[in-house]
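To keep things clear, I will list the structure first and then write my remarks on it.
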Amino acid sequence: MNLPDMKKAKVRGEEVIGYYENENVTSKQFQGKKYFIRTYGCQMNVHDSEEICAAVENLGFSKVEVLEEADLAILNTCAIRENAHDKVYGYLGRLKHLKREKPELMIAIGGCMPQQENVTEELMKKHPYVDIVFGTHNINELSKMILEHVKKQEIEVYSIEGNVYENVLYKRDSSITAWVNIMYGCDKFCTYCIVPYTRGRQRSRKMDDILKEVQSLKNQGYMEVTLLGQNVNAYGKDLENPISFAVLLEQVALIGIPRVRFVTSHPWDFTDEMIDIISKYDNIMPYIHLPLQSGSSRILKLMGRRYTKEEYLTLFQKMKEQIPNVAITTDIIVGFPGETEDDFFDTLDVVKQCQYDGAFTFIFSPREGTPASKMKDELSLSIKEERLHRLNELVNASSNLKNQAYVGKVVDVLIQGVSEKDQNKVFGYTETMKLVNVIADKDTIGTIIPVRITDAKSFSLDGEAEYSKNN
Ligand code: 5AD
Ligand code: SF4
């Protein structure tokens with residue numbers, strides 16, 4: 001079989017250790033074979049899965065949605081909280097059972113879990129029926145691993161940090177909206193977070209490479225790009241010639257794709273310049289995910305978040321004042337070690353003041369190797385659950401109110417497909433990232449149309465295409 005030339009130009013400079021050429025192998029060895037993929041975790045993982053799909057399809061595999069039909073089952077895993085692990089181990093039980101009936105089934109585990117110390121060893125020991133383990137750092141070698149190591153346990157998980165891959169092939173899930181990585185890893189080392197250990201230190205892509213990718217997406221007719229990074233606001237700080245996220249964002253906006261989004265933002269790195277750029281360009285969407293994590297300055301300090309309650313509120317206010325109609329969502333952790341009722345009250349206070357459009361809320365989960373996992377945690381689970389419940393009630397009340405405020409308004413919606421709930425409807429998102437189920441012709445898919453909002457549910461809106469009134 002023909003393996004391509006592997007151009008590993010490893011330039012051991014300060015910023016970039018190596019640029020890999022695309023190592024995807026094209027071989028039709030698995031023509032007619034089927035693969036199934038299950039993705040856990042964040043948007044980064046969802047986008048990684050698009051790379052994994054391209055790699056295995058290049059080997060001849062075609063995708064199926066039913067696990068039992070697959071010859072290759074891939075789990076793209078998440079490590080952010082313990083329950084993410086539990087879900088994967090639960091699913092592995094199902095795979096083990098299936099493999100007993102179908103011994104030729106190949107099982108591959110990828111993503112963040114194998115990037116953790118000891119997890120790969122544990123996987124190998126306790127789950128010997130797993131064929132291939134690969135990490136987020138070596139997706140570009142997956143097809144080689146499948147070709148060379150079929151039925152062998154062979155792992156290359158901890159590849160050198162600093163790698164930035166270019167010319168990566170993706171099998172994008174959508175032809176309307178696209179993810180674009182602008183950076184990998186994170187340097188913030190929040191004390192509870194496993195990401196800097198699993199995804200490594202921050203490595204930004206060069207601006208030119210990002211702009212080329214966005215331009216090519218525009219040429220292909222994409223309507224929306226989302227710039228992806230664990231902390232997009234710190235983009236460019238690690239480049240040989242540092243540039244700011246504001247500069248990149250402006251250049252991306254100027255390419256002229258109708259909608260530009262970005263996730264995730266760290267408040268500490270969010271500058272006034274970024275707020276200016278967001279408010280200056282109509283095609284930068286007025287939607288910001290701005291994780292709070294805690295409203296208590298004391299807990300924020302223990303978390304290593306580098307801002308106080310007051311600084312967060314000031315930034316939030318500035319965004320609300322300067323970006324017309326901006327929607328802001330957040331992430332919040334309850335039950336961080338040492339969190340008192342007073343600390344939690346501060347969190348509730350910020351939530352009341354900010355009236356978020358939505359929030360993802362979590363109970364603190366100790367991750368091995370992180371500083372917070374060694375902090376004394378005396379709170380009982382029932383108190384943590386009770387706090388989560390109180391927080392959720394408040395968060396849901398404000399996101400419901402925000403949704404209700406849309407009823408009767410006409411807003412632009414990018415229609416993305418047939419609605420899952422009702423095949424007679426289509427669905428799409430407002431500029432502010434609200435999901436809308438719309439009564440409209442199917443040929444609106446892929447376009448931005450004015451929609452009159454008729455009803456608000458907890459997590460979505462209903463509407464009808466405004467044009468149908470005139471027909
Ligand atoms: N425990 C609970 N929640 C966590 N998050 C990250 N690490 C942990 C942890 N150890 C949450 C944060 C982050 C989101 C992606 O996951 O709120 O913003
Ligand atoms: Fe984790 Fe903090 Fe980095 Fe976000 S900014 S990925 S929470 S270390």
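We count ligands from 1, going down the list as the structure has it; atoms in each ligand are counted the same way.
- Results of the salt bridge (Lys or Arg N to Asp or Glu O under 4.0 Å) test with R172 over E57, E213, E51 single out E213 as the only residue that passes.
- Using a heavy-atom distance under 4.0 Å as the criterion, the protein contacts of ligand 1 are I80, R81, Y192, Q293, D331, I333, F362, I363, F364, S365, R367.
- In plain terms, the two heavy atoms of F36 and V66 that are nearest each other are CD1-C, 3.8 Å.
- Residues meeting the salt bridge (Lys or Arg N to Asp or Glu O under 4.0 Å) test with K309, sequence neighbours left out: D346, D349.
- Looking only at atom types and distance, the side chain of E50 has a donor-acceptor partner in the side chain of H47 under 3.5 Å away.
- Y184 does not carry R199 over the face of its six-membered ring by the limits of under 6.0 Å from the centre and within 45° of the normal.
- At a 4.0 Å cut-off, at least one heavy atom of R305 sits close enough to ligand 2 to count as contact.
- Between the D131 side chain and the A108 main chain, no donor and acceptor come within less than 3.5 Å of each other.
- No side-chain donor-acceptor contact under 3.5 Å links D48 and N76.
- S460 contributes no side-chain N or O that, together with a main-chain N or O of K457, makes up a donor-acceptor pair within less than 3.5 Å.
- Near-neighbour remark for atom 3 (Fe) of ligand 2: protein N, O or S atoms under 2.8 Å are C186 SG; waters not counted.
- Protein heavy atom at the shortest distance from atom 7 (S) of ligand 2 is Y192 OH, 3.4 Å.
- Counting only residues at least two apart or on different chains, the side-chain hydrogen bond (donor to acceptor under 3.5 Å, both in side chains) pairs with a member in residues 285-296 are Y192-Q293, Y287-T329, H289-T329, H289-D331, S296-D343.
- In summary, the side chains of T308 and S297 do not present any donor paired with an acceptor at a separation below 3.5 Å, with no hydrogens or angles considered.
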